[in-house]
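Report on one structure; see the data block that follows.
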Amino acid sequence: MGKTINKNGTWMSQINLKNMSMSELRALEKRVSRAIASREKIERKEALAALKTKAKQLGYSLGELVGDAKSDESVKAPKTAKQRKPVAAKYRNPENPSQTWAGRGRQPKWIKDAIASGKSIESFAIKS
């Protein structure tokens, strides 16, 4: 391994990848992956600190600018999906009372078959 100077002016070992075994290459790959993850974490922290400083200089908190502030009415938080309640059944199969349909979405087979045989959908309506 020789030594060379990288862009930052620091010494960096020159690695001859052609002479390395597969296990050495994999070990190097793991080291590089860890180094990249570490560098990304550091740079992300530095960027966040710079953004907080700039926001403060402009008279805001970073939360106000990215929508975390509850007092900022101009920025709305994304809506969360509501849990839908089951719809009450409107139709029941008289031949099998456990089969019901709310009247929404695709018609169940028993309704289609009954309509095809000439029955009215109203004859399956659940009387309240």
Please round to the nearest 0.5 Å and tell me the distance separating atom [atom1] of [X] and atom [atom2] of [Y].
X	Y	atom1	atom2	answer
Trp110	Arg92	CH2	CZ	9.0 Å
Glu95	Asp113	CD	CG	9.5 Å
Ile115	Gln107	CD1	CD	4.5 Å
Arg44	Leu48	CZ	CG	10.0 Å
Arg106	Ile111	CZ	CD1	14.0 Å

Answer yes if Ile36 and Ile15 sit in the same cluster of Ile, Leu, Val, Met, Phe, Trp and Tyr residues linked by side chain heavy atoms under 4.5 Å apart, and no otherwise.
yes
In terms of heavy-atom contacts, does CD of Glu43 have more than 12 from other residues, nucleotides or ligands at under 6.0 Å?
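Yes, because the 6.0 Å sphere around CD of Glu43 holds more than 12 heavy atoms from other groups.
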Do the side chain of Ser38 and the main chain of Arg34 share a donor and acceptor less than 3.5 angstrom apart?
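A pair under 3.5 Å: no.
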Sequence neighbours left out, cut at 3.5 Å: what donor-acceptor pairs do the side chains of residues 18-32 make with other protein atoms?
{"unit_1": "Ser21", "atom_1": "OG", "unit_2": "Ser23", "atom_2": "OG", "d": "3.2"}
{"unit_1": "Ser21", "atom_1": "OG", "unit_2": "Glu24", "atom_2": "N", "d": "3.2"}
{"unit_1": "Ser21", "atom_1": "OG", "unit_2": "Glu24", "atom_2": "OE1", "d": "3.4"}
{"unit_1": "Glu24", "atom_1": "OE1", "unit_2": "Ser21", "atom_2": "N", "d": "2.8"}

Please name the pair of heavy atoms, one in Lys119 and one in Ser123, separated by the smallest distance, quoted to 0.1 Å.
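Reported closest heavy-atom pair: CB-OG, 4.3 Å.
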Can you name the nearest heavy-atom pair linking Ala102 to Ala88, along with the distance?
CB-O, 3.6 Å
Centroid-centroid under 6.0 Å between Phe124 and Trp101 rings:
no
Remaining members of the apolar cluster that contains Ile126, side-chain heavy atoms under 4.5 Å
none
